[in-house]
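Along the sequence shown, the residues carry numbers beginning at 1. When reading the values below, keep in mind they use all heavy atoms of this one structure, side chains included, and skip hydrogens, waters and symmetry mates. Please read these numbers as outputs of a predicted model, since none were measured by experiment. Both ligands and their constituent atoms are indexed starting at 1 by order of listing.
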Amino acid sequence: MRRRGFIVGSVATLALGACNRSAGRTLRAAEFHPEEYPTSQALLDMGRRMADYSNGRLTLKLYPGGQLGAERDTLELATFGGIDINRVALAPLNSIEPLTLVPSLPFLFDDQDHMRRAMDGAPGRKVLQSLVPHSLVGLCFYDSGERSFYNVRGPIRTPDDMRGLKMRVQNSDLYVDLVESLGANPTPMPLGEIYQALVQGVIDGAENNWPSYESTRHYEVARFFSLTRHVIAPEILVMSRAVWDDLSPDDRAIVQQSAIESVPLMRGLWDAQVRKSRAIVEKSGVAVNEIAEIGAFVERVRPVWDAFVTSPEQKALVAQIREMGGSGA
Ligand code: GTR
């Protein structure tokens, strides 16, 4: 009996070991930005936390620098479980889920703090949850700062200065309409193709935040950066729902908690990167200008809101976010 007990015990221990090993999992995360970019670093931080909380059972392998493709493609892969985790802008989700249009609206947020507050609260939770029917699980939001226009021709001070400019936009109808409403000609194109298109004169400019304008080296070609700050949308970390459903409840909790805990680090890195990128760009002699009368831009893009905020759910979300503006309540 003792011997049998020993054997049964050993087999059980072995089985448990095998089970633990086979339950070990490496989640593959796609990121378009280079490894040193704040979002990449935040993903690596998330991975360290996952490994820590699971005693090494759950790990994260980051594929930065667009190795796995443009955001639209990696997002599609994630919906089929071909990629486990993906950091993307909200723009490629705009045609998939109408609620993601709301935080992408021009001049919705007063400033970055307003955006962070709203995305940390009930509005953010609504947007994250809205992705579940689309085979994705929203884990958390990262920063994308303030997007402004840059171009090769001259400073933009009023919407009239944008007339006729060929402007690259992200692949989203909202951005197409936004640029059109300001009198420019929108050209949707993946981020990775902009540099060459600027050099070849296929486009006159684009729009982005300080870190992306700098890290993509677009500032070397498009030497006018006009601080319209027209969009302060967050970025989002999504997980393939197929993969999520396959995890145990405990592992889901670990992944979720690790993602949320990577956000404060991300924000610190982001703010530092904005300062650093701005300094590099300004030192290079780029002409940077503030906009004296931003009201003229706000006025022109108003129809974009009417065109894209159509459902009661979207309207409620807009109202909820606006209520959180101002002093911060
Ligand atoms: C960046 C953002 C990317 C992508 C890019 C773009 O700021 O981090 O996810 O959206 O802009 O303009 O394509």
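Identified under the ring-ring contact (aromatic ring centres under 6.0 Å, His included) test for residues 196-216, with sequence neighbours left out: Tyr150-Tyr213, Trp210-Phe225, Tyr213-Phe225.
Within the 3.5 Å criterion, the main-chain N or O of Arg157 finds a donor-acceptor partner in the side chain of Asp161.
With respect to the salt-bridge test (charged N to carboxylate O, under 4.0 angstrom), the residues Arg57 and Asp251 qualify.
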Just list the N/O pairs, ligand 1 to protein, that are under 3.5 Å apart, with the distance for each.
unit_1, atom_1, unit_2, atom_2, d
ligand 1, 7 (O), Asn208, OD1, 2.6
ligand 1, 7 (O), Asn209, ND2, 3.0
ligand 1, 7 (O), Ser212, OG, 3.1
ligand 1, 8 (O), His33, NE2, 2.7
ligand 1, 8 (O), Glu235, OE1, 2.8
ligand 1, 8 (O), Glu235, OE2, 2.8
ligand 1, 9 (O), Glu71, OE1, 3.3
ligand 1, 9 (O), Glu71, OE2, 2.4
ligand 1, 9 (O), Arg87, NH1, 2.8
ligand 1, 9 (O), Arg87, NH2, 3.4
ligand 1, 10 (O), Gln170, OE1, 2.6
ligand 1, 11 (O), Arg147, NH1, 3.2
ligand 1, 11 (O), Asn208, OD1, 3.4
ligand 1, 11 (O), Asn208, ND2, 3.0
ligand 1, 12 (O), Arg147, NH2, 2.8
ligand 1, 12 (O), Arg168, NH1, 2.7
ligand 1, 12 (O), Asn208, ND2, 3.1
ligand 1, 13 (O), Arg168, NH1, 3.4
ligand 1, 13 (O), Arg168, NH2, 2.9

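Atom CD of Glu214 is separated from atom CG of Asn208 by 11.5 Å, given to the nearest 0.5 angstrom.
Side chains of Ser144 and Glu235: a donor-acceptor N/O pair is present below 3.5 angstrom, by distance only. Tyr37 and Ser212 share a donor-acceptor pair across their side chains, judged by distance under 3.5 Å alone.
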